[in-house]
Amino acid sequence: MGMRLFTADAMRRADRRAVALGYPSLLLMEAAGRAVARAVREHFPDARAVWVVAGKGNNGGDGFVAARWLFLWGYRVAVYAPDGQAGDAAQARKALEAHGVAVRPLEALDLEGAEVVVDALVGTGLSRPLAGVYAEVAARVNASGLPVVAVDLPSGVPFTPHVRADVTVALAGLKREHLFYPARAACGRIVLDGIGMPEAALEAPELPELLTPEAMRALLPERPGNAHKGSVGRVLVAGGYATYTGAPALAALGAYRAGAGLVTLAYPEGVPLEPLLEVVRLPLAAWRAEALRAARAEAVAVGMGAGPGGPEAARAALELGLPAVLDADALVPEVVAACRGRPVVITPHPGEAARLLERRAQEIAAHPLEAARALAERYGVTVVLKGGPTVLAEGAHLAVNTTGSAAMATGGMGDVLSGVIAALLAAGLRPWDAARLGVYWHGLAGDRVGRVGLLAHEVAEALPQAREALISDAVRPFWV
Ligand SMILES: NC(=O)C1=CN([C@@H]2O[C@H](COP(=O)(O)OP(=O)(O)OC[C@H]3O[C@@H](n4cnc5c(N)ncnc54)[C@H](OP(=O)(O)O)[C@@H]3O)[C@@H](O)[C@H]2O)[C@@H](O)CC1
Ligand SMILES: [K+]
């Protein structure tokens with residue numbers, strides 16, 4: 001079963017399924033609280049005094065359980081919470097108080113002496129922005145400079161104000177706030193704990209898939225021992241215009257580094273391209289399909305640095321009837337609209353997606369999952385909506401990438417990605433598989449280069465070693 005990205009509602013459904021399967025919710029709370037206590041011990045090994053701020057719901061209940069275990073392990077604990085818990089949370093509070101640990105009102109919060117704070121005010125049950133004493137507690141915790149371990153989510157996200165955590169223990173599954181900004185920035189390091197939730201309870205194929213090392217490894221095309229350059233995928237890159245000479249060359253580099261056997265680069269005659277020595281050059285007087293056929297390609301990437309010639313280049317390339325990646329200047333509504341139902345991957349950034357959806361780029365960036373789905377519906381193609389994180393859509397399927405970082409927001413990075421996806425299409429992968437693996441692999445290569453100052457060609461160069469790491473099981477997802 002693939003990993004899914006949960007919403008609060010979907011997690012509540014999973015919770016109910018677990019209960020229906022015979023797994024009592026109090027057991028989940030016990031596991032959750034204990035996971036939080038363990039995270040405190042592991043991430044802050046020198047701390048001996050832990051203060052817990054808890055709310056009225058089950059998030060607070062997890063906090064009481066954590067406090068109980070920390071107390072039993074010899075920590076000094078102080079617990080602050082309002083009255084009025086019910087159900088499991090009330091049980092968890094009683095179990096804590098049974099050990100003689102007093103629960104004081106939130107208004108009495110005194111952080112003097114605390115070494116770590118556990119934030120258990122609110123989790124997935126948040127229904128409005130924090131206000132009143134909750135907002136005050138969040139502000140005081142943030143201002144204290146103390147390390148904060150958040151239970152499930154930093155309280156208050158995605159709204160402001162919210163707690164800023166150093167470690168967030170995600171319970172049972174990752175939620176949108178753990179992946180998408182600005183909430184993600186408040187999470188600090190994220191550790192996922194399964195809390196013993198039965199797998200069957202977490203099955204939710206309707207939710208977005210999270211790209212994991214295991215799932216992506218399984219998609220890597222095999223390279224048979226008797227491979228030759230014509231058998232592992234021939235890629236045609238079509239782009240380039242005036243001063244945009246690097247973009248198509250980077251796509252060609254990406255394609256080769258992702259395993260293409262032969263890459264041909266078609267570009268307007270007279271454009272001073274300097275591609276790799278290994279690239280076959282195809283300078284053209286005009287964008288015409290007959291001329292492009294000479295490449296005998298199995299997939300095409302078109303639009304990179306094509307400037308005003310983008311639509312024409314795309315039309316000619318699409319006439320070949322090959323699996324295609326459309327990027328940059330090829331991403332105009334008239335061109336993409338002609339691709340419905342064909343094996344075409346589009347790779348817009350929010351600005352290009354805005355053009356295709358006739359919406360504002362800010363709107364796209366704020367709701368990337370919805371935007372990707374809307375693009376897939378409207379155009380009937382496979383969508384790679386680039387961003388932090390990149391999200392993908394095809395038909396009813398959604399996926400969210402889990403590799404890469406803001407360091408990859410530099411010129412030419414998308415060109416390399418187009419080349420990678422084209423190479424995977426040429427190797428015979430379906431568009432959905434080529435897009436998911438391409439995005440994941442490209443991000444993984446970026447992660448291995450560094451966190452700042454990344455150049456697109458360096459990321460391309462890191463693709464082979466990222467592949468080796470993926471194959472040899474040396475890749476850990478960010479939540480482990
Ligand atoms: N499988 C799982 O998922 C498991 C989940 N578990 C845990 O349960 C958590 C979800 O618990 P939950 O549903 O009880 O909601 P929760 O986050 O405690 O918030 C609700 C409370 O907060 C209150 N409240 C809301 N907004 C507020 C605000 N702005 N300011 C102040 N208060 C506000 C709201 O009050 P009300 O809105 O009714 O006034 C209510 O009292 C989840 O994050 C995880 O930690 C584990 O125990 C085990 C398995
Ligand atoms: K919390």
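These numbers come from the heavy atoms of this one structure, side chains and all, not from hydrogens, waters or symmetry mates. Atoms within a ligand are numbered from 1 in the order they appear, just like the ligands themselves.
- The pair Glu468-Arg448 does not count as a salt bridge, with every side-chain nitrogen at least 4.0 angstrom from each carboxylate oxygen.
- With salt bridges taken as basic N to acidic carboxylate O contacts below 4.0 Å, none links Glu115 and Arg48.
- Note on Arg164 versus Asp119: no salt bridge recorded, every NZ/NE/NH1/NH2 to OD/OE distance being 4.0 Å or above.
- Shortest contact from atom 10 (C) of ligand 1 to any protein heavy atom: Thr124 OG1, 3.3 Å.
- Here Leu153 meets the criterion, with an N, O or S atom under 3.4 Å of the K ion (ligand 2).
- To the nearest 0.5 angstrom, Phe6 atom CZ is 9.0 Å from Leu210 atom CG.
- Contact annotation: Val122 places an N, O or S atom under 3.4 Å from the K ion (ligand 2).
- Comment: Arg359 does not engage Glu370 in a salt bridge, judged by the lack of any side-chain N to carboxylate O separation of less than 4.0 angstrom.
- Geometry at the K ion (ligand 2): O/Val151 and OD1/Asn59 form an angle of 80°, nearest 10 degrees.
- Atom 30 (N) of ligand 1 has Leu130 CD2, 3.8 Å as its closest protein atom, hydrogens excluded (heavy atom only).
- Shortest distance from the K ion (ligand 2) to Asp119 is reached at O (N/O/S atoms only).
- Looking at Ser127 next to ligand 1, an N or O pair under 3.5 Å apart turns up.
- Every atom of ligand 1 with a heavy atom of Asp152 under 4.0 Å away is listed here by number and element: 42 (C), 43 (O), 44 (C), 45 (O).
- Closest to atom 14 (O) of ligand 1 by heavy atom, among Val133, Leu26, Val65, Asn58, is Asn58.
- Under the 4.0 angstrom criterion, atom 39 (O) of ligand 1 counts as having a protein heavy-atom contact.
- A salt bridge is absent between Glu206 and Arg373; no separation between the charged side-chain nitrogens and carboxylate oxygens falls under 4.0 Å.
- Not a single heavy atom of Gly61 lies less than 4.0 angstrom from ligand 1.
- Neither side chain, Trp51 nor Glu112, offers a donor N or O lying under 3.5 Å from an acceptor on the other.
- Residue side and main chain included, Gly123 places no N/O/S atom under 3.4 Å of the K ion (ligand 2).
- In terms of protein heavy atoms, atom 41 (O) of ligand 1 is closest to Lys56 CB, 3.4 Å.
- For atom 47 (O) of ligand 1, the nearest non-hydrogen atom of the protein is Asp62 OD1, 2.5 Å.
- Taking only non-hydrogen atoms, the option from Arg128, Met29, Gln85, Arg12 nearest to atom 13 (O) of ligand 1 is Arg12.
- Residue Leu28 places no N or O, backbone or side chain, under 3.5 Å from any N or O of ligand 1.
- The shortest heavy-atom distance from Pro129 to ligand 1 is under 4.0 Å.
- Ranking the protein heavy atoms by distance from atom 15 (O) of ligand 1 puts Gly125 CA, 3.2 Å first.
- Considering only non-hydrogen protein atoms, atom 22 (O) of ligand 1 sits nearest to Val122 CG1, 3.5 Å.
- Between Asp9 and Arg12 there is a salt bridge, since a side-chain N of the basic residue sits under 4.0 Å from a carboxylate O of the acidic one.
- At least one N or O atom of Asn59 sits closer than 3.5 Å to an N or O atom of ligand 1.
- A cation-pi contact, defined as under 6.0 Å to the ring centre and within 45° of the axis, is absent between Arg140 and Tyr80.
- At a 4.0 Å heavy-atom cut-off, ligand 1 touches Ile195 through the side chain alone.
- Applying the 4.0 Å criterion to heavy atoms of Met197 picks out, from ligand 1, the atoms 1 (N).
- Proximity to Tyr134 (heavy-atom distance under 4.0 Å) selects the following atoms of ligand 1: 31 (C), 32 (N).
- Between Arg436 and Glu394 there is no salt bridge, since no side-chain nitrogen of the basic residue lies less than 4.0 Å from a carboxylate oxygen of the acidic one.
- Under 4.0 Å from ligand 1, the heavy atoms of Leu171 that appear belong solely to its side chain.
- Counting only heavy atoms, the protein never gets under 4.0 Å from atom 34 (C) of ligand 1.
- In summary, the atoms of ligand 1 found under 4.0 Å from a heavy atom of Leu126, numbered by their order in the structure, are 25 (C), 26 (N), 29 (N).
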Should Val149 and Phe44 be marked as a side-chain contact (heavy atoms from CB on, under 4.5 Å) after you check the CA-CA gap, both sets of side-chain angles, and the distance that decides it?
-> CA-CA 10 Å; Val149 176; Phe44 304 100; 3.5 Å; yes
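- Salt-bridge formation is detected for the pair Arg217/Asp473: a Lys NZ or Arg NE/NH1/NH2 atom is positioned less than 4.0 Å from an Asp or Glu carboxylate oxygen.
- With rounding to the nearest 0.5 angstrom, the CH2 atom of Trp479 is 4.5 Å from the OG1 atom of Thr402.
- Below 3.5 Å of separation, one finds an N or O of Gly123 facing an N or O of ligand 1.
- With rounding to the nearest 0.5 angstrom, the CE atom of Met29 is 9.5 Å from the CD atom of Gln91.
- Other residues, nucleotides and ligands contribute only 12 or fewer heavy atoms inside 6.0 Å of the CZ atom of Arg76.
- Electrostatic pairing of Asp193 and Arg38 counts as a salt bridge here, judged by a charged N lying under 4.0 Å from a carboxylate O.
- With hydrogens left out, the protein atom closest to atom 3 (O) of ligand 1 is Met11 CG, 3.1 Å, a heavy atom.
- Regarding atom 4 (C) of ligand 1, its nearest protein heavy-atom neighbour is Asp15 OD2, 3.9 Å.
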Could you walk me through whether Tyr75 and Arg41 pass side-chain contact (heavy atoms from CB on, under 4.5 Å), step by step?
-> CA-CA 10 Å; Tyr75 285 79; Arg41 191 168 63 184; 3.5 Å; yes
